[in-house]
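Below: the structure, in structure tokens.
Every heavy atom of this structure was used, including side-chain atoms; hydrogens, water molecules and symmetry mates were not. Residue numbers run from 1 in the order of the sequence given.
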Amino acid sequence: MLKVDLSGAKSFFDAAGPDYAAAAAAHRTLAEKTGAGADFTGWLGLPQRVKEEELKQIIAAANRIRSRSEVLVVVGIGGSYLGAKGAIELLRPKPKAGDPQIIFAGNSLSPDSLSVLLEELGEKDFEINVISKSGTTLEPALAFRMFRGLLEAKYGPEKAKKRIVATTDARRGVLKGMADEEGWETFVVPDDVGGRYSVLSAVGLLPMAAAGIDAAAVIDAAIASFAAMDQRSPENPAWQYAAARQHLYRQAGKSIEILACYEPTFRYMAEWWKQLYGESEGKNGIGIYPASVEYNADLHSMGQYVQDGPRTLMETVVSFREPLTDFSVPFAMGDPDQLNYLAGRKLSDIARVAQEAVKAAHISGGVPNLEVIADKRDEVGFAELVTFFELACGISGYMSGVNPFDQPGVEAYKKNMFRLLEKPGVE
């Protein structure tokens, strides 16, 4: 089971320490759906609902995609793609035999980026999973129009309809209307789940299953993890993380949180985390700024700033107890590179020593260290990380006094963009 280690932050706590009473109250507000944004807390029971209502259909659709296509183009932005991309990068960084390539489109307006995606697609057999609750978000809507045109040119309009899956609202919206009219297969973005909390719905599960990830194992682990974290005590890892980061923010002036991991495949999980916490907590003029680094690489680029820059940082490190593979350092005759002192040692052991050295250095430099520890980089570890960060985010948001489930500021740029593009009806 996932654990949180606060030992690297204790010297930065004041005498009172993290406010677990406030964490308890926030957890109660979340569970009883009495707080702001309660209509969007359906993610708490989402894994069980998916298992009962949709999982078989999701897996069947994924198997069909795997049986006939070399590429699945996933069209979406923000919460409509970051969780799935994070999962695939973490668990399936290199496709295995029989795995289609998963291409993510619709998260940019860059023509150069689109050109690269089209080169990757080439003449391969493909289908599209378009993900949007409304269907009117500009970036994915434009990408879907372009890739749908390619699909229809390749297979003809009627056959193309069988190669489009829309994950959208159950009853309304532009994309839902198009799907009904064209007869595309559809899956639901639940009404009571915001995009950044939707990875354990069809939004994330269909691309994950198409990539070869065991979606059923993810859902079972998520159900078990939410049940385990329903404990109402300071031993709850979600309480520990939420309360510690809020304490460091309010009492120690740590207004920037950097999420670090020593696994390069964690990069897009960090991007998912940044959206989850940034969009949930950054409002009303307050909030911890979420950033991320990739260790060991960023120790040689950002390490100086982390060690000696402004002391507004706290650091959360995600670790895995067991690597999926390991290597031993070979012995070299004559020791030309002077590394024989490491000969015979496992690379994972060396990595752990490096991590401990970094932790000690950063703490001594004034950066508190929180550690989140999962067992393995597998479906269970992924599900535990997602459920943990989601629950802790809801608790932390309520502790800070904001609505963790709205995002009013996101609409500002959209209104300006549509006005400048002279969209009909927008002034």
Side-chain angles (χ1 to χ4, degrees), residues 2 47 50 55-56 58-76 79-107 116-117 120-122 124-131 165 167 187 198-222 225 259 261-273 275-276 292 294 318-327 348 374-389:
L2 180 145
V50 168
L55 186 58
K56 289 182 180 178
I58 291 170
I59 292 172
N63 287 338
R64 187 187 66 243
I65 292 167
R66 290 173 59 81
S67 71
R68 70 184 186 187
S69 290
E70 299 167 273
V71 176
L72 173 64
V73 179
V74 178
V75 179
S80 294
Y81 94 102
L82 282 172
K85 188 168 177 65
I88 292 168
E89 292 283 326
L90 185 71
L91 305 180
R92 212 75 162 188
K94 182 179 179 181
K96 297 182 180 180
D99 289 348
Q101 182 183 3
I102 312 297
I103 290 177
F104 290 90
N107 48 70
V116 170
L117 294 180
E120 283 190 68
L121 183 60
K124 298 170 185 171
D125 284 315
F126 75 102
E127 39 206 287
I128 302 171
N129 176 204
V130 55
I131 306 169
V165 178
T167 307
F187 290 97
S198 67
V199 63
L200 296 176
S201 72
V203 170
L205 292 172
L206 179 57
M208 289 160 56
I213 294 169
D214 187 342
V218 169
I219 286 297
D220 285 342
S225 182
L259 187 74
C261 186
Y262 288 78
E263 288 292 340
T265 58
F266 193 79
R267 177 178 294 183
Y268 268 89
M269 285 296 294
E271 295 299 317
W272 168 81
W273 172 87
Q275 183 193 7
L276 180 66
S292 62
E294 181 186 309
V318 175
S319 302
F320 298 93
R321 290 187 185 88
E322 300 178 39
L324 299 180
T325 56
D326 213 345
F327 299 91
S348 61
D375 284 333
K376 281 186 181 180
R377 194 166 55 86
D378 60 6
E379 282 84 350
V380 174
F382 167 78
E384 289 181 351
L385 285 167
V386 167
T387 52
F388 161 77
F389 278 126

*For S80 and G76, work out which heavy atoms get closest and say how close.*
CB-CA, 3.9 Å
*So, the side chain of Q275 versus the backbone of G79: is there a donor-acceptor pair under 3.5 Å, distance only?*
yes
*Parallel, tilted or perpendicular: which fits the ring planes of Y81 and F104, with parallel below 30° and perpendicular above 60°?*
tilted
_F187, CZ atom: more than 12 neighbouring heavy atoms under 6.0 Å_ = yes
_Check: Q101 side chain, V71 main-chain N or O, donor-acceptor pair, under 3.5 Å_ = no
_Rounded distance [0.5 Å steps], CG in L324 versus OG in S348_ = 11.5 Å
_Using the rule given for side-chain contact (heavy atoms from CB on, under 4.5 Å), can you reason through V218 versus D214, listing the C-alpha separation, both sets of side-chain angles and the distance that settles it, and then say yes or no?_
CA-CA 6 Å; V218 169; D214 187 342; 5.9 Å; no
*Sub-3.5 Å donor-acceptor pair from the side chain of S225 to the main-chain atoms of A222, do we have one?*
no
Solution key, residues 202-213 side-chain donor-acceptor pairs under 3.5 Å, sequence neighbours excluded:
none

*Check whether any side-chain heavy atom of L385 sits under 4.5 Å from a side-chain heavy atom of F320, and report yes or no.*
yes
*Working to the nearest 0.5 Å, report the span between OG of S201 and CD1 of I219.*
8.5 Å
*List for me each residue that meets salt bridge (charged side-chain N to carboxylate O under 4.0 Å, His left out) alongside D378, sequence neighbours excluded, and say none if there are none.*
none
*What residues form a ring pair (Phe, Tyr, Trp, His ring centres under 6.0 Å) with F388, not counting sequence neighbours?*
Y241
*Sequence-distant partners of D326, salt bridge (charged side-chain N to carboxylate O under 4.0 Å, His left out), two or more places apart*: none
*Could you list the residues that satisfy salt bridge (charged side-chain N to carboxylate O under 4.0 Å, His left out) with E89, not counting sequence neighbours?*
K85
*Could you tell me whether a side-chain N or O of K124 sits under 3.5 Å from a main-chain N or O of E120, the two making a donor and an acceptor?*
yes
*Criterion side-chain contact (heavy atoms from CB on, under 4.5 Å) on F266 and R377, from CA distance to verdict*: CA-CA 9 Å; F266 193 79; R377 194 166 55 86; over 6 Å; no
*Pairs touching residues 380-389 that satisfy salt bridge (charged side-chain N to carboxylate O under 4.0 Å, His left out), sequence neighbours left out*: none
*asked:* Using 0.5 Å steps for rounding, measure from the CD atom of E271 to the CG atom of L259.
replied: 10.0 Å
*Give, for atom CG of L72 and atom CG of N129, the distance between the pair rounded to the nearest 0.5 Å.*
5.5 Å
*Evaluate side-chain contact (heavy atoms from CB on, under 4.5 Å) for V74 paired with I102, printing each intermediate quantity in order.*
CA-CA 7 Å; V74 178; I102 312 297; 3.7 Å; yes
_Set out, in order, the CA-CA distance, both residues' side-chain angles and the distance that settles side-chain contact (heavy atoms from CB on, under 4.5 Å) for W272 and L90, then state yes or no._
CA-CA 12 Å; W272 168 81; L90 185 71; over 6 Å; no
*How many angstroms lie between atom CD of E70 and atom CD1 of I103, to the nearest 0.5 angstrom?*
10.5 Å
*Answer whether the closest heavy-atom distance between the side chains of V50 and L200 falls below 4.5 Å.*
no
*Kindly compute the distance separating CG (D375) from CD (E322), expressed to the nearest 0.5 Å.*
6.5 Å
*In terms of heavy-atom contacts, does CZ of R64 have more than 12 from other residues, nucleotides or ligands at under 6.0 Å?*
yes
